[in-house]
Every structure is written in C-alpha cells, then in structure tokens.
Amino acid sequence: MRSNELLLYAYGQIHETLHRAVERLPADELTRRVGPAANTIAWLAWHLVRVQDDHVAEVARSEQVWTADDWVGRFGLPFPARATGYGFSSEQVEQVRVPSADLLLEYADAVHDRTAEYLRGLSDDDLDTVVDTRWDPPVTLGVRLVSVLSDDLQHVGQAAFLRGLLPRG
C-alpha cells in the first residue's frame with residue numbers, strides 16, 4: 001500500500017463516520033447541547049469539515065470549497081468566510097445552526113471529494129515537502145495531513161458519541 005492510499009482510506013473512514021453521526025438528524029438535535037458549554041453535533045461536523053477544507057486547500061494551493069462553491073452563502077453563518085471554528089467561544093458554537101443534516105453532509109461530500117482528488121495525486125516523496133516554516137521543526141505535508149486526520153477523528157468521534165446520547169424515537 002502506498003502512503004496516499006493509506007491517507008485516502010483514513011480520510012474515507014472519517015467521512016463515513018461523519019455520515020453515520022449526522023444523517024437524518026433534525027435541526028434541533030444537531031444543535032442540542034448536553035451541557036451549557038458543550039459542543040453540538042452541528043458545530044463538530046461543520047468545524048471538522050471546515051478544518052479539512054482549509055488545510056487541504058492551503059497545501060493544494062487551491063481555493064477552499066467553502067468559498068469556491070458558495071457554501072459560505074448556503075450556510076449563512078454569522079462569521080467571516082475564513083472562520084473554521086478554531087478557538088470559538090461557547091456563544092459562537094451556539095450560533096452554528098444549520099437547517100438540515102443534508103446541508104452539512106453535502107458540504108462534507110464536496111470537501112471529501114476535493115481531498116480525495118488531491119490525495120490520489122500524491123507520491124510518497126511529496127509527503128516530505130515542507131509546507132509550513134512557522135513551526136520548529138517546519139511542518140511537512142505528511143505531518144499536516146496527519147494533523148488534520150487527528151483533529152477530524154477526535155471531532156467525528158465526539159459527534160458520534162453525542163448522537164448516541166440522543167433519545168431513540
């Protein structure tokens with residue numbers, strides 16, 4: 001197995017788990033909080049996809065799906081277009097409201113397709129390319145892609161856990 005095939009598989013696992021965590025949930029369940037400052041399924045899903053979109057677009061040197069395909073307009077959230085949810089306050093998390101699970105998953109599908117397209121074109125040598133010199137040591141493409149995987153895995157697991165807490169109807 002080549003490295004890009006392993007990355008494709010891992011990002012695919014995130015995508016599949018996200019679908020199971022979000023699909024068919026009504027808007028009120030997407031934004032239900034288990035505690036006063038807890039994250040919601042809507043925020044977790046939106047944030048993990050936004051981070052993937054932002055970071056993969058940066059290393060691919062392409063425009064984010066969020067702006068290129070006007071997902072920013074379709075969501076209509078009260079944040080700047082560049083917002084990914086990183087560092088959001090509890091009040092900002094509360095403002096991530098979406099009309100449907102379908103909207104979240106359609107955006108997730110578009111980002112996953114773009115990510116998969118990018119990953120399919122990578123060679124093992126590409127993963128050693130330095131993509132961020134603001135850190136010590138500088139960040140390679142491989143490290144950046146695994147960092148996004150780590151963040152996304154944590155958030156998709158949290159979303160799946162929250163879905164499991166919802167009453168079964």
Side-chain angles (χ1 to χ4, degrees), residues 1-25 30 39-77 79-88 96-135 137-160 163:
M1 177 177 274
R2 294 182 50 226
S3 298
N4 71 329
E5 294 168 339
L6 184 61
L7 289 166
L8 277 162
Y9 176 79
Y11 278 91
Q13 290 295 299
I14 291 166
H15 188 66
E16 289 174 22
T17 304
L18 180 63
H19 266 265
R20 287 191 302 273
V22 172
E23 60 194 6
R24 294 185 308 277
L25 287 179
L30 286 168
N39 292 328
T40 65
I41 294 172
W43 182 83
L44 289 161
W46 173 79
H47 170 64
L48 78 87
V49 177
R50 285 291 298 122
V51 167
Q52 186 179 135
D53 189 8
D54 175 75
H55 287 38
V56 172
E58 182 180 351
V59 296
R61 294 189 172 97
S62 64
E63 185 177 355
Q64 295 178 27
V65 173
W66 184 246
T67 53
D69 298 339
D70 195 36
W71 289 100
V72 66
R74 293 185 230 184
F75 274 73
L77 297 175
F79 315 116
R82 69 183 180 282
T84 64
Y86 178 77
F88 267 25
V96 177
R97 299 197 164 272
V98 294
S100 71
D102 290 343
L103 183 67
L104 276 169
L105 293 176
E106 288 167 11
Y107 174 51
D109 291 346
V111 170
H112 178 72
D113 290 348
R114 176 79 65 86
T115 298
E117 178 185 344
Y118 176 69
L119 293 174
R120 278 192 288 277
L122 293 180
S123 71
D124 288 349
D125 290 340
D126 292 332
L127 299 177
D128 291 329
T129 304
V130 172
V131 295
D132 192 342
T133 58
R134 296 172 294 177
W135 300 92
V139 177
T140 63
L141 177 59
V143 168
R144 177 59 47 84
L145 292 171
V146 170
S147 174
V148 172
L149 273 172
S150 174
D151 188 65
D152 281 2
L153 284 167
Q154 291 176 63
H155 291 314
V156 79
Q158 292 164 351
R163 174 145 191 170

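Everything quoted here is computed from the prediction, not taken from an experiment.
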### Closest non-hydrogen atom pair, A45 against L18
CB-CD1, 3.7 Å
### Considering all heavy atoms, the nearest R2-L122 contact
NH2-O, 3.1 Å
### Task
Could you tell me which non-hydrogen atom of L44 sits nearest to which non-hydrogen atom of A159, and how far apart they are?
CD1-N, 3.7 Å
### Query
What distance separates D152 CG from R50 CZ, expressed to the nearest 0.5 Å?
12.0 Å
### Task
Could you tell me the separation between the CG atom of L48 and the OG1 atom of T84, rounded to the nearest 0.5 Å?
11.0 Å
### Message
I need the minimum non-hydrogen distance between R163 and L25, along with the two atoms involved.
### Response
NH1-CG, 3.5 Å
### Query
Heavy atoms, side chains only, cut-off 4.5 Å: are L7 and L149 in contact?
yes
### Task
Could you pull out the closest heavy-atom pair between D151 and H47, with the gap in Å?
OD2-NE2, 3.8 Å
### Query
Is there a donor in the side chain of T129 and an acceptor in the side chain of D126, or the other way round, less than 3.5 Å apart?
no
### Message
We want to know whether T17 and Q13 form a side-chain donor-acceptor pair, criterion being a heavy-atom distance below 3.5 angstrom.
### Response
no
### Query
CD of E106 to CG of D69: how many Å apart, nearest 0.5 Å?
12.0 Å
### Query
Atom CD of Q52 and atom CD1 of I14: how far apart are they, to the nearest 0.5 Å?
6.5 Å
### Task
Output, in order, the C-alpha distance, side-chain angles, deciding distance and verdict of side-chain contact (heavy atoms from CB on, under 4.5 Å) for V59 and Y118.
CA-CA 9 Å; V59 296; Y118 176 69; 3.8 Å; yes
### Task
Could you walk me through whether V22 and I41 pass the side-chain contact (heavy atoms from CB on, under 4.5 Å) test, one step at a time?
CA-CA 7 Å; V22 172; I41 294 172; 4.0 Å; yes
### Query
Are side-chain N/O atoms of R114 and Q64 paired as donor and acceptor at under 3.5 Å?
no
### Query
Can you tell me how far CG of N4 sits from CG of D124, rounded to the nearest 0.5 angstrom?
7.0 Å
### Query
Run the side-chain contact (heavy atoms from CB on, under 4.5 Å) check on L119 and Y11 step by step: do they pass?
CA-CA 10 Å; L119 293 174; Y11 278 91; 3.6 Å; yes
### Result of checking W71, Y107, F79 against W66 for ring pair (Phe, Tyr, Trp, His ring centres under 6.0 Å)
Y107
### Task
Go through the side-chain N and O atoms of H19 and E16 and say whether any donor and acceptor fall under 3.5 Å apart.
no
### Message
Which heavy atom of V130 sits nearest to which heavy atom of P138, and what is that distance?
### Response
CG1-CB, 3.6 Å
### Query
How many angstroms lie between atom OG1 of T115 and atom CZ of R120, to the nearest 0.5 angstrom?
10.0 Å
